[in-house]
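Quick caveat, the model's predicted, so the values are computed rather than measured.
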Amino acid sequence: MAAHGDDPVGKTHYDAETLTAYALDQLPRQQAEAVRAHLLVCPACRDAAAETARFTHAIDRELHDLLDRARPASNLSFDTIAREWRKPPHRVSLRARLARLTTGFASAPLILLLALAITILAPYEDSLARRNLELTDTYTGPPALVAVAFDEGVAIVRLDGEHTGVVRHFRRLGDLSDLSFAPDGRWLAFQRGSTLHLVETSADGQHAKLDLTENAEWAWSPDSAALAYTDGHGRLVVFDLALQTHNVLVPASERAWGPPLWSLDGTQIAYALAPQATANAGNATQGIWRVDPATGYRVELARNPAPETSLLVPAAWLDGNTLILARDGRMANGDQAAIYRIQVNARQAQPLEAVALARGDQLSWPVSPDGHMLALRGDRLVTLNVVSERARAVPDHLRAPAATAWAPGGAWLAAIVPGKPGGEGLYLYAPGKAKVVQVRLPAGAAEKSVAWAGSEHLFVVRQPDGATYLELWLVSTTGAHAPQRLLSNITLPESGGWLAHDTVATRAISLTSTP
């Protein structure tokens with residue numbers, strides 16, 4: 001065991017005293033960095049430090065819960081406090097204020113807990129979240145925001161060189177889903193039950209709550225100024241973030257349903273209609289429409305050619321807003337969904353000779369900015385250009401990727417290939433050049449999902465071997481620096497088949513896009 005908090009050559013582990021000091025954020029910065037580097041390669045020390053951190057956080061959580069449950073005694077009156085407060089002098093000591101505010105509380109222990117909460121816990125909110133997430137102090141990538149599910153809550157982290165830290169931390173918010181940043185990073189949305197939370201990513205920003213049904217779907221506008229949603233009752237609504245107002249674009253009688261889809265310039269929203277039986281032998285009518293958010297003017301884009309067997313929903317605007325990719329919205333996770341291309345001017349849905357995989361309300365493999373997507377033709381995986389309808393076979397060792405993400409320009413596809421040993425599951429693929437590059441990471445953790453952070457970096461979610469939590473890593477696609485673990489202890493959903501956006505969201509930002 002390393003003595004006195006050192007880690008000399010030949011010593012296998014740090015001692016318990018040093019690991020406890022590290023977990024409590026009591027080590028000098030240089031020594032803490034050395035311990036952090038050791039924890040990356042030593043599961044035993046990492047588990048010991050994590051156990052101390054979990055114990056400390058459990059005490060903190062119990063204290064907050066006790067304060068939440070506390071109630072003043074029935075004979076407490078604030079009239080006396082108000083009168084005394086108005087008497088000069090107003091400047092009094094913290095001890096005197098505590099004495100006034102706690103008169104009539106049930107017990108002395110509660111007074112002590114309240115004092116601790118005011119004088120100790122509040123200033124360390126960032127420190128607690130930072131320590132339990134094992135957040136790096138040496139971030140080397142582009143400015144970015146990260147939202148993570150964390151101990152029955154959510155933490156928003158800013159990654160920006162020396163300004164890296166926890167921006168906001170919401171406690172006691174379990175069972176979260178659909179974490180998503182607005183395009184400019186100023187807002188984060190996440191769903192909890194039937195409530196959609198919209199929070200600004202600045203420390204003292206707004207927190208709006210929208211009551212939605214389980215069937216509601218939503219999407220950010222390209223300029224981040226609004227959020228469109230179908231409410232599950234047939235209405236399509238736009239929520240203005242600056243004004244905090246709702247504007248109903250489609251009434252319930254017209255049966256708007258499914259995920260709304262903003263056009264690339266934000267001037268149109270495509271949406272699906274729920275099926276409705278007609279008087280003609282019970283046939284159903286269903287299709288895709290668009291609406292102008294500024295005027296409310298609505299136009300039918302295409303009618304479903306087979307409403308009895310499929311349900312058209314919009315998936316992507318393409319080619320300067322002249323083309324829409326649509327898919328069969330009836331498919332469950334992992335099912336093969338028929339895909340269609342809709343020429344906006346022709347107003348006709350044309351089925352493509354390929355199928356895509358569904359995941360929740362989205363395609364398992366997203367569409368690139370220039371209209372490329374992964375699709376299946378028979379038992380063959382291809383990259384399909386939706387605009388030209390040309391297809392190119394994907395190399396066999398990239399078959400059935402578990403997660404993919406297109407680079408901002410669409411030239412490269414990052415893919416996670418399942419079944420590979422830890423550290424060997426990340427690949428880059430350039431369809432135009434038919435080029436494949438494997439990006440190696442440290443062993444000991446399996447790659448789960450991937451997202452681009454600008455044009456030269458990737459965020460990779462990994463699960464350490466045998467662990468019940470996730471980690472976030474930064475990977476340079478140019479090899480400018482070694483892969484870097486950014487944070488850890490991300491809550492792993494209890495249900496199987498977890499989706500990345502239910503646990504972590506990332507967004508590269510400009511230096512001035514958020515305070």
Enquirer: Ignoring hydrogens and angles, state whether a donor on the side chain of S180 or D178 is under 3.5 Å from an acceptor on the partner side chain.
Expert: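 The criterion, which ignores hydrogens and geometry beyond distance, is not satisfied for D178 and S180.
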Enquirer: Enumerate the residue pairs fulfilling ring pair (Phe, Tyr, Trp, His ring centres under 6.0 Å) with a member in residues 429-453, sequence neighbours excluded, ordered by first and then second residue.
Expert: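 Found none.
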Enquirer: What residues, two or more places apart in sequence or in another chain, satisfy side chain to side chain donor-acceptor pair (under 3.5 Å) together with D231?
Expert: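 Once residues adjacent in sequence are excluded, the partners of D231 under the side chain to side chain donor-acceptor pair (under 3.5 Å) criterion are R235.
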Enquirer: Tell me which one of V166, L179, V199 satisfies side-chain contact (heavy atoms from CB on, under 4.5 Å) with I156.
Expert: V199
Enquirer: Not counting sequence neighbours, which residues clear ring pair (Phe, Tyr, Trp, His ring centres under 6.0 Å) with Y229? List them please.
Expert: none
Enquirer: Quick one: do the S310 and D328 side chains pair a donor with an acceptor below 3.5 Å?
Expert: no
Enquirer: Check whether any side-chain heavy atom of M373 sits under 4.5 Å from a side-chain heavy atom of V386, and report yes or no.
Expert: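 They are in side-chain contact.
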Enquirer: Can you check whether T491 reaches T468 side chain to side chain, under 4.5 Å on heavy atoms?
Expert: no
Enquirer: With side chains defined as the heavy atoms from C-beta onward, is the minimum distance between V439 and T477 less than 4.5 Å?
Expert: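 Side chain of V439 against side chain of T477, heavy atoms only: no contact under 4.5 Å found.
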Enquirer: For the residue pair C45 and L19, establish whether any side-chain heavy-atom pair is separated by less than 4.5 Å.
Expert: yes
Enquirer: Which heavy atom of A208 sits nearest a heavy atom of Q244, and at what distance?
Expert: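 Looks like CB-OE1, 3.3 Å.
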Enquirer: Between the side chains of T213 and N215, is a donor N or O closer than 3.5 angstrom to an acceptor N or O?
Expert: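 Per modelled atom types, T213 and N215 side chains form no pair under 3.5 Å.
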Enquirer: What salt bridge (Lys or Arg N to Asp or Glu O under 4.0 Å) pairs are there with at least one residue in residues 407-420, not counting sequence neighbours?
Expert: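 Found none.
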Enquirer: Considering residues at least two apart in sequence or located in another chain, which fulfil the ring pair (Phe, Tyr, Trp, His ring centres under 6.0 Å) criterion with F239?
Expert: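 With sequence neighbours excluded, F239 shows a ring pair (Phe, Tyr, Trp, His ring centres under 6.0 Å) to H246, given in chain and number order.
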Enquirer: Should we say atom CZ of R390 is surrounded by more than 12 heavy atoms from elsewhere, each under 6.0 Å from it?
Expert: no
Enquirer: My understanding is that only residues two or more places apart in sequence, or in another chain, count here; which of them pass side chain to side chain donor-acceptor pair (under 3.5 Å) with R380?
Expert: D396
Enquirer: Measuring only between side-chain heavy atoms, which start at C-beta, is L428 closer than 4.5 Å to L413?
Expert: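 L428 vs L413: side chains apart.
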Enquirer: Should we count CD of E353 as having more than 12 external heavy atoms under 6.0 Å?
Expert: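 Open: at most 12 neighbouring heavy atoms sit under 6.0 Å from CD of E353.
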Enquirer: What residues form a ring pair (Phe, Tyr, Trp, His ring centres under 6.0 Å) with H397, not counting sequence neighbours?
Expert: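 For H397, the residues satisfying ring pair (Phe, Tyr, Trp, His ring centres under 6.0 Å) (neighbours in sequence not counted) are Y427.
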Enquirer: So do the side chains of I288 and Y271 get within less than 4.5 Å of each other, counting heavy atoms only?
Expert: no
Enquirer: Tell me, please, which residues at least two apart from H481 pass ring pair (Phe, Tyr, Trp, His ring centres under 6.0 Å).
Expert: H457
Enquirer: Taking only residues at least two apart or on different chains, which pairs with a member in residues 457-482 satisfy salt bridge (Lys or Arg N to Asp or Glu O under 4.0 Å)?
Expert: E447-R462, E471-R485
Enquirer: What ring pair (Phe, Tyr, Trp, His ring centres under 6.0 Å) pairs are there with at least one residue in residues 176-205, not counting sequence neighbours?
Expert: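 As it turns out, the ring pair (Phe, Tyr, Trp, His ring centres under 6.0 Å) pairs with a partner in residues 176-205, which skip direct neighbours, are F190-H197, H197-H207.
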Enquirer: Which residues pass the side chain to side chain donor-acceptor pair (under 3.5 Å) test with S476, sequence neighbours left out?
Expert: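 Here the qualifying residues are T478.
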Enquirer: Apply salt bridge (Lys or Arg N to Asp or Glu O under 4.0 Å) to R440 and list each qualifying residue two or more places apart in sequence or on a separate chain.
Expert: E424
Enquirer: Is it true that E389 and R341 have a side-chain N and a carboxylate O under 4.0 angstrom from each other?
Expert: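 So E389 pairs with R341 through a salt bridge.
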